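Okay, so here's the structure we're looking at.
In this text, all values refer to a predicted model and were calculated from it rather than measured experimentally. Note: hydrogens, waters and symmetry copies are ignored here, and every other heavy atom, side chains too, is used.
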Amino acid sequence: MTLRHLQIFLEVAACGKMSLAATRLFISQPTVSQTISELEKHYHTKLFERYPKGLVLTESGRVLQDLAQGVIASYQKLSETMLSPLRILPLHIGATVTVGACVIHQILRQFRQDYPQADPRIYVNNTQLIEERLLDGRLDIALVEGSVHNPDLLVDPIIRDFLVPVCSTDHPLAQREMVPLEELAAQPFILREQGSGTRALFETFMEERGYQLDVRWECTNAGTIKTAVMDNQGISVISVRLVEEELRSGKLRVIRVPGGVWDRSFSLVYHRHKFLSEDMRHFIQAASSYEDSHILELLP
């Protein structure tokens, strides 16, 4: 059974005669008759009563008529939508938490300015979950702070970022000229959740030097981390971008430790087999042109 079967059936139902339906559809009457016969065999039911003055739908025929009209209407809408030169599909963009909090909104502003017809949809989560969605096709492209290792994903570092250890202004470490890593590691930490690129970078750095961290808080929200640190619940390691306001206002202090500024990049990531649509290209251009060199002023 095909759409053509349904189109012929609906025409016969509308005019009540196979000969007239054949004329309207520019096909032969035997073709119309064969199509109706095939439908009746396929559905194991009689669709028309054959009366001398014409054809009348049976109860099964009326059911098929109602359903077939919906199918044909949906197919026509599908064709019109897919073939329209003005068709705009959503661009599903992933952003990790740090990127979502301090970078993505500025990139989107430039993206909409350059490509106003785009329809961006944003999903913010940690690097691990962003990677999963890129691989299964739920995201088209992403800007992430963590490391991505799957060979099916292309990674392009485009924005420089720095992690710094921070504490409240009245914390004992706040006024120290330099804090050894051993002493830093002994502090209670307030960190991002497992799967976060920020946390992975710092934990790996400390573990490679033989230090285990005392993680007291695990948070997915940067605002919660900053509030807890300012309340002296512990210290954290966080993107300097996320604490710019607090550092400038004196609410937080950077702890000076050997090697205590961790240089990293925010990276554009997409599947290597992904077709680069025009809106994807415009987003890549907007992200690649992002600049904020003033962030270097905050580093110790």
Side-chain angles (χ1 to χ4, degrees), residues 92-108 122-136 138-166 181 184-185 189-209 211-213 215-226 228-229 234-244 254-255 257 259-272 283-284 287-288 290 292 295-296 298-299:
H92 296 280
I93 302 168
T96 46
V97 175
T98 301
V99 172
C102 59
V103 172
I104 194 66
H105 61 286
Q106 298 175 55
I107 294 173
L108 285 174
I122 312 303
Y123 173 78
V124 178
N125 216 311
N126 63 46
T127 303
Q128 179 180 329
L129 294 177
I130 294 291
E131 184 173 342
E132 290 175 5
R133 289 192 172 220
L134 286 167
L135 289 169
D136 66 22
R138 285 181 288 172
L139 289 176
D140 298 307
I141 194 168
L143 191 58
V144 307
E145 68 211 48
S147 298
V148 174
H149 303 291
N150 192 293
D152 288 331
L153 297 176
L154 297 177
V155 181
D156 182 15
I158 61 166
I159 300 173
R160 198 177 183 190
D161 187 45
F162 305 89
L163 295 183
V164 291
V166 293
L181 284 179
L184 183 78
F189 276 90
I190 303 166
L191 296 179
R192 287 280 308 283
E193 78 288 357
Q194 293 287 349
S196 157
T198 298
R199 177 168 176 170
L201 176 60
F202 177 58
E203 281 191 328
T204 299
F205 175 86
M206 296 298 281
E207 288 172 1
E208 288 175 348
R209 287 152 183 80
Y211 298 113
Q212 295 296 317
L213 303 180
V215 181
R216 302 288 181 89
W217 290 49
E218 288 187 311
C219 306
T220 59
N221 183 278
T224 301
I225 293 175
K226 291 191 291 184
V229 173
I235 67 174
S236 188
V237 171
I238 195 168
S239 168
V240 71
R241 299 173 186 277
L242 288 175
V243 290
E244 178 177 359
V254 173
I255 303 170
V257 299
V261 173
W262 292 274
D263 193 348
R264 67 174 181 178
S265 295
F266 297 154
S267 299
L268 277 172
V269 186
Y270 53 91
H271 201 287
R272 65 170 56 253
F283 179 77
I284 291 171
S288 300
Y290 176 84
D292 60 348
I295 210 72
L296 296 172
L298 301 171
L299 301 178

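- Contact check for Tyr290 versus Gln106: side-chain heavy atoms found under the 4.5 Å cut-off.
- Arg272 pairs with exactly one of Leu153, Asn150, Leu154 by the side-chain contact (heavy atoms from CB on, under 4.5 Å) rule, that one being Leu154.
- Within the 4.5 Å cutoff, the side chain of Trp262 has heavy atoms near those of the Val237 side chain.
- A 4.5 Å side-chain heavy-atom check between Cys219 and Ile225 finds at least one atom pair inside the cut-off.
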* To do: Give the C-alpha distance, both sets of side-chain angles, the deciding distance and a yes or no for side chain to side chain contact (heavy atoms under 4.5 Å, CB included) between Leu268 and Ile284.
  => CA-CA 8 Å; Leu268 277 172; Ile284 291 171; 3.8 Å; yes
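- Looking at heavy atoms from C-beta onward, Tyr123 lies out of side-chain contact with His92 at the 4.5 angstrom threshold.
- Heavy atoms only, all atoms of each residue included: Val166 and Ile235 are closest at O-CB, 3.4 Å.
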* **Intermediate values then yes/no, side chain to side chain contact (heavy atoms under 4.5 Å, CB included), Leu181 and Tyr211** => CA-CA 8 Å; Leu181 284 179; Tyr211 298 113; 3.7 Å; yes
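- Atom CD1 of residue Ile107 and atom CZ of residue Phe266 lie 9.0 Å apart, to the nearest 0.5 angstrom.
- Looking at every heavy atom in both residues, Asp161 comes nearest to Asp263 through O-OD1, 3.3 Å.
- For the pair Arg216 and Phe189, the cation does not sit on the ring face, since its NZ or CZ is not both under 6.0 Å from the ring centre and inside 45° of the axis.
- The distance from atom CZ of Arg199 to atom CD of Glu218, rounded to the nearest 0.5 Å, is 4.5 Å.
- When all heavy atoms of Val257 and Pro165 are compared, the pair lying nearest together is CG2-CG, 4.2 Å.
- To the nearest 0.5 Å, atom NE2 of residue His271 and atom CG of residue Asp136 are 9.5 Å apart.
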* To do: Could you walk me through whether Glu132 and Arg138 pass salt bridge (charged side-chain N to carboxylate O under 4.0 Å, His left out), step by step?
  => CA-CA 9 Å; Glu132 290 175 5; Arg138 285 181 288 172; 5.3 Å; no
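- Between Ile122 and Leu108, the closest side-chain pair of non-hydrogen atoms falls below 4.5 Å.
- Of the residues listed (Thr127, Leu143, Thr198), the one engaging Thr96 in a side-chain contact (heavy atoms from CB on, under 4.5 Å) is Thr127, and it is the only one.
- Nearest heavy-atom pair across Thr220 and Val97 is O-CG1, 3.5 Å.
- Across Tyr270 and Asp140, no two heavy atoms sit closer than the pair CB-O, 3.6 Å.
- Evaluation of the salt bridge (Lys or Arg N to Asp or Glu O under 4.0 Å) test over residues 141-154, restricted to residues two or more places apart or in two chains, returns Glu145-Arg192.
- Rounded to the nearest 0.5 angstrom, Asn125 CG and Ile130 CD1 are separated by 6.0 Å.
- Seen from the ring of Phe205, Arg209 counts as a face-on cation partner, given the 6.0 Å and 45° thresholds.
- Contact annotation: the side chain of Ile159 approaches that of Val103 to within less than 4.5 Å [non-hydrogen atoms, C-beta and beyond].
- The number of heavy-atom neighbours closer than 6.0 Å to CZ of Phe202, taken from other residues, nucleotides and ligands shown, is above 12.
- Taking each heavy atom of Val243 and Ile238 in turn, the nearest pair found is CG1-CG2, 3.7 Å.
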* Evaluate side chain to side chain contact (heavy atoms under 4.5 Å, CB included) for Glu208 paired with Thr204, printing each intermediate quantity in order. => CA-CA 6 Å; Glu208 288 175 348; Thr204 299; 3.5 Å; yes
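- With rounding to the nearest 0.5 angstrom, the OG atom of Ser196 is 8.5 Å from the CG atom of Leu191.
- Atom CD1 of Ile190 sits about 6.5 Å away from atom OG of Ser236, to the nearest 0.5 Å.
- Looking at heavy atoms from C-beta onward, Gln128 lies out of side-chain contact with Glu193 at the 4.5 angstrom threshold.
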* Would you check, one step at a time, whether the test side chain to side chain contact (heavy atoms under 4.5 Å, CB included) holds for Val269 with Ile141? => CA-CA 6 Å; Val269 186; Ile141 194 168; over 6 Å; no
